[in-house]
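Written out below as structure tokens is the structure these notes cover.
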Amino acid sequence: MDGGILGLVREVFFINSAITAFLTDRPTPTIARSLLGHQLHFQTPTGKLTALITETEAYLGAPDAGAHAYQNHQTPRNRALWQPAGTIYIYQLRAWLLLNLVTQSAGTPECVLIRAVEPVAGLKRMQQNRAQTGANLTNGPGKLMQALGLPRELNGHPLNESALSLDIQPSRQPAQIVTTSRIGIVNKGAWTQAALRYYVAGNPYVSKISRRTVDHQHHGWLVASER
DNA sequence: GTTAGGATCTCCT
DNA sequence: GGAGATCCTAACT
């Protein structure tokens, strides 16, 4: 607290520079993979909701037949994708909202879909936001949006300058990461098969997994003695 | 355990 | 009118 307003401005600038570097300096699939174990925070008037990212998918812009930005096709819905790294892209699918984080520099419409998270703080609030408990709280892209109560108005706003923020440092480290093709991408040739989905092996808060593969003790995260 | 139908917004034909 | 980066419930096996 020594720099007053100027210090705060410097701090915000530093954080945003770090976020930008994290979301631009590597290929988007690498970014999607490395987001596992990082925390998302949603600041509400009545408290903060926190969750660990457990499952992601990479969408690779113009060449990617599975992506909204395929062939650089821009519409009012998806224009956030052309904004700089760290921009929040939220869109509605049927009755649900889905959360994406834009990667790479402005004009390169790549992003990471956040497909699942593990609740860390604000569990009670998440249960109120959804009429569900347990893994069903956040083990899907539409579910986690409802659990966190993220409004569609966040679309187009920058991470960490809005109520939604991402930790640059990971909080946990996956013991093992599983890579598969993306969910729901059908009839898109090679892009249907492309291995662009990543999740923490054994974590219960992952979409479309068998209950039998769940690691009930550590949720697939490395424990201190294993590091 | 799997499957079918409906909810309901945006974009395309 | 139809499909989609989804999810819930009910009704099956």
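A note on names: the letters A, B, ... follow the listed sequences, proteins ahead of strands, and every chain is numbered from 1.
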Closest-nucleotide ordering on DNA chain B, the 5'-leading residue of A:S210 and A:Q74: A:S210
Give me the atom names and distance for the closest heavy-atom approach of [X] to [Y].
X      : Y      : answer
A:Y198 : A:L196 : CE1-O, 3.4 Å
A:P109 : A:A62  : CG-N, 4.3 Å
A:G86  : A:I19  : CA-CG2, 4.5 Å
A:Q146 : A:N129 : O-CB, 3.1 Å

Any side-chain donor-acceptor pair under 3.5 Å between A:N72 and A:W82? yes
A:T28 and A:Q104: side-chain donor and acceptor closer than 3.5 Å? yes
Comparing A:I183 and A:R130 on DNA chain C - which has the more 5′ nearest nucleotide: A:I183
With rounding to the nearest 0.5 angstrom, report the OG1 to CG distance, A:T44 to A:L164. 12.5 Å
Residue pairs fulfilling salt bridge (charged side-chain N to carboxylate O under 4.0 Å, His left out) with at least one residue in residues 17-43 of chain A, sequence neighbours excluded: none
Which pairs, with at least one residue in residues 76-89 of chain A and sequence neighbours excluded, count as a salt bridge (charged side-chain N to carboxylate O under 4.0 Å, His left out)? none
Mind checking the P distance from B:dG6 to C:dG1? Whole angstroms is fine. 15 Å
In this structure, how many angstroms lie between the [atom2] atom of [N] and the [atom1] atom of [X], rounded?
X     : N      : atom1 : atom2 : result
A:L97 : B:dC9  : CG    : C1'   : 10 Å
A:I90 : B:dC9  : CD1   : P     : 16 Å
A:L98 : B:dT10 : CG    : P     : 14 Å
A:H73 : B:dT13 : NE2   : C1'   : 12 Å

Base versus backbone protein contacts along nucleotides 2-7 of chain B [heavy-atom cut-off under 4.0 Å; B, S, -]: -----B
Taking A:Q83 for its side chain and A:G156 for its backbone only, find out whether a donor-acceptor pair lies under 3.5 Å. yes
Classify the ring geometry of A:H68 against A:Y91: parallel below 30°, tilted from 30° to 60°, perpendicular beyond 60°. perpendicular
Determine the contact category for [X]: base if any of its heavy atoms lies under 4.0 Å from a base atom, sugar-phosphate if only primed atoms, P, OP1 or OP2 are that close, otherwise nothing.
X      : result
A:R197 : nothing
A:L113 : base
A:R77  : sugar-phosphate

Taking a hydrophobic cluster as the set of Ile, Leu, Val, Met, Phe, Trp and Tyr residues connected by side-chain heavy atoms closer than 4.5 Å, whether directly or through intermediates, do A:L113 and A:L60 fall within one such cluster? no
Just to be sure I understand the geometry, which residues of residues 135-149 of chain A put a non-hydrogen atom under 4.0 Å away from DNA chain C? A:G140, A:P141, A:G142, A:K143
I want to check something: taking the side chain as every heavy atom from C-beta on, are A:K143 and A:T138 in contact at a cut-off of under 4.5 Å? no
I'd like the 5' and 3' limits of the part of DNA chain C contacted by chain A, with heavy-atom contacts below 4.0 Å. C:dG4 to C:dT9
The side-chain contact (heavy atoms from CB on, under 4.5 Å) partner of A:Y199 among A:I53, A:V206, A:I177 is A:V206
Only Watson-Crick and G-U wobble pairs with both distances less than 3.5 Å should count. Give DNA chain C in dot-bracket notation, marking inter-strand partners with |. ||||.|||||||.
